[in-house]
Colleague: 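The structure follows.
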There are 2 protein chains.
Amino acid sequence: MTDEQPDVPSPRVRQIVAAARELVEEEGLDALSMRHLADRLGIRAPSIYKHLPDKRALEHALISATFEEQAALFEAALAGSADPLGALATAYRDFARRHPHLYRLMTQRSLDRDRLNPGIEERAAQPMVQALDGDRDLARAVWAFAHGMTILELDNRFPADADLDAAWQRGLDALRP
Amino acid sequence: MTDEQPDVPSPRVRQIVAAARELVEEEGLDALSMRHLADRLGIRAPSIYKHLPDKRALEHALISATFEEQAALFEAALAGSADPLGALATAYRDFARRHPHLYRLMTQRSLDRDRLNPGIEERAAQPMVQALDGDRDLARAVWAFAHGMTILELDNRFPADADLDAAWQRGLDALRP
DNA sequence: GTCTATATCAAGATAGAC
DNA sequence: GTCTATCTTGATATAGAC
C-alpha cells in the first residue's frame with residue numbers, strides 16, 4: 001500500500017517553486033537550472049536538494065501549481081458566460097500570451113503523472129468538457145485546436161500577416177456545438 | 001545586395017544530413033549532437049565543421065529536407081482525392097506517427113527562416129490552403145487543429161482511453177467547408 | 001538548512017598539423 | 001577532408017562539515 005504521491009509542499013518548497021516560476025517567466029525555460037534558481041534564492045544550488053529530490057520534482061511542482069491556476073481561471077471564465085466556448089478560448093489564449101514560458105513548460109514535454117497533484121490535469125480539462133455539453137471527443141478536438149493555435153502563435157509559425165483573430169473565430173464557429 | 005541563402009548542398013553535406021536524420025529518427029532529438037553524429041559517420045566531430053558552419057545549420061538543412069518530403073507527400077495526398085481534407089489530414093498524421101522525432105524537430109522550436117530553403121515552408125502549407133478552396137483563415141484553423149491533435153498524441157497528453165480517431169473525425173467534420 | 005568541494009558528464013566550437 | 005588536442009561552458013547531483 002505504498003502510495004507515492006507528492007506531499008503537501010512545505011513553506012520553503014513553496015518559496016523555491018515561486019522563485020522558479022519567476023525565473024521561468026522572466027528568462028525562459030532554458031534558464032531554469034538549479035544554479036540559476038539558487039542565485040535567485042540567495043543560496044547555493046546543492047541546498048535545493050534538501051527540499052526537493054531532483055529537478056523533475058521541481059518542474060512538476062511548478063507544473064502542478066500552474067494547472068491549479070489555469071483550472072481556476074477556466075472555471076471562472078465559464079461561470080455565467082453567455083458564450084462558454086468563446087469565453088474559455090479567450091481565457092486559454094490569454095493565459096498563454098501572458099505566461100508563454102510557463103505554457104511551454106506545461107505542454108512541450110511529456111508529463112510524469114505520478115509526480116503531479118492527483119486529479120489536477122482532469123480539473124483543468126473539465127471546463128472544456130462542460131462547455132461542450134459533456135461531448136469528450138469534441139472537447140478533445142477543441143483542445144487540440146486551441147493548443148495548436150496557441151503554440152504555433154508563440155513559436156511564430158504563422159506568416160507575419162496572418163489574421164489570427166480571424167483564424168480563431170473560424171475555428172471556434174465551426175467547432176461550436 | 002548580399003543575398004544570404006543556403007547553398008545547394010554538396011554530396012558530402014547531404015551524407016551528413018542523411019546521417020543526422022537517421023540519428024534523430026532512431027535515437028530522438030536529444031541524441032543529435034555533433035559528437036554523436038560524427039560517430040555515425042565514422043569521423044570526428046570537428047570534421048563536420050568543415051562542411052557545415054554550426055549546429056543550427058545542420059538542423060535547418062535537415063528541416064528543409066523534411067519540409068520537401070512533407071510537401072511532396074501532401075501534394076500526392078491531395079491529387080485526385082474525393083475527400084481532399086480527409087486525405088491531407090491522414091497524410092499529416094501518418095507522417096508524424098512514422099517520424100515522431102523529425103516532426104518534433106520541425107515544430108517544437110522557432111525557425112530561422114533565413115536558414116531554410118526559400119519558399120519551402122509555403123510549399124508544404126499550400127496543399128492545405130488548396131483543400132480549403134483558398135480560405136487561408138480556415139486553413140490556419142485546420143492546421144492548428146491537426147498540429148494540436150498530432151503533438152498532443154505524440155506527447156501522450158490525451159487520456160489513455162481517449163478515442164483519437166473519433167476526435168479527429170469530429171474536428172474534421174466540423175471544419176470541412 | 002546551508003555551506004564548500006567535488007564528481008561526473010556532455011555539449012559546441014576552434015587551432016593548427018597532416 | 002580529417003585528425004588530435006584543447007578551450008570553454010554549464011549542467012545534475014552527492015558527500016560531508018557546520
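Within every chain, numbering begins at 1; the chains are lettered A, B, ... in the order of the sequence lines, protein sequences first and strands thereafter. Only heavy atoms go into these numbers, but all of them, side chains included; no hydrogens, no water, no symmetry mates.
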Colleague: Enumerate donor-acceptor pairs with a distance under 3.5 Å from any side-chain N or O in residues 168-177 of chain B to protein atoms, sequence neighbours excluded.
Modeller:
residue	atom	partner	partner atom	Å
B/R170	NH1	A/D135	OD1	3.4
B/R170	NH1	A/D135	OD2	2.6
B/R170	NH2	A/D135	OD2	3.2
B/D173	OD1	B/R176	NH2	2.9
B/R176	NH1	B/D83	OD1	2.7
B/R176	NH1	B/D83	OD2	3.2

Colleague: How would you list, by chain and number, every residue that makes a side-chain hydrogen bond (donor to acceptor under 3.5 Å, both in side chains) with A/D161, sequence neighbours excluded?
Modeller: none
Colleague: For the residue pair B/R12 and B/Q15, confirm or rule out a side-chain donor-acceptor distance under 3.5 Å.
Modeller: yes
Colleague: Tell me which of A/I16 and B/D54 sits closer to the 5' end of DNA chain C, going by the nucleotide each one is nearest to.
Modeller: A/I16
Colleague: For the side-chain contact (heavy atoms from CB on, under 4.5 Å) test, which of B/H101, B/E27, B/E59 pairs with B/L32?
Modeller: B/E59
Colleague: By a strict heavy-atom criterion of less than 4.0 Å, which residues belonging to residues 28-53 of chain B are in contact with DNA chain D?
Modeller: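 Residues of residues 28-53 of chain B under 4.0 Å from DNA chain D: B/G42, B/I43, B/R44, B/P46, B/S47, B/K50, B/H51.
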Colleague: Between A/D163 and B/R140, does any side-chain N to carboxylate O distance fall below 4.0 Å?
Modeller: no
Colleague: Between B/R93 and B/D165, is there a salt bridge with N-O shorter than 4.0 Å?
Modeller: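 A salt bridge links B/D165 with B/R93.
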Colleague: Holding to side-chain hydrogen bond (donor to acceptor under 3.5 Å, both in side chains), I want the full list of residues that pass it with B/R21, two or more places apart in sequence or in another chain.
Modeller: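 Only B/E25, B/E69 meet the side-chain hydrogen bond (donor to acceptor under 3.5 Å, both in side chains) criterion with B/R21.
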Colleague: Just list the side-chain donor-acceptor pairs under 3.5 Å for residues 141-151 of chain A, sequence neighbours left out, or say none.
Modeller:
residue	atom	partner	partner atom	Å
A/W143	NE1	A/Y92	OH	3.4
A/H147	ND1	A/Y103	OH	2.6
A/T150	OG1	A/A146	O	2.6

Colleague: Please find the earliest and latest nucleotides of DNA chain C, in the 5' to 3' direction, that have an atom within less than 4.0 Å of any heavy atom of chain A.
Modeller: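 That gives a stretch of C/dG1 to C/dA5.
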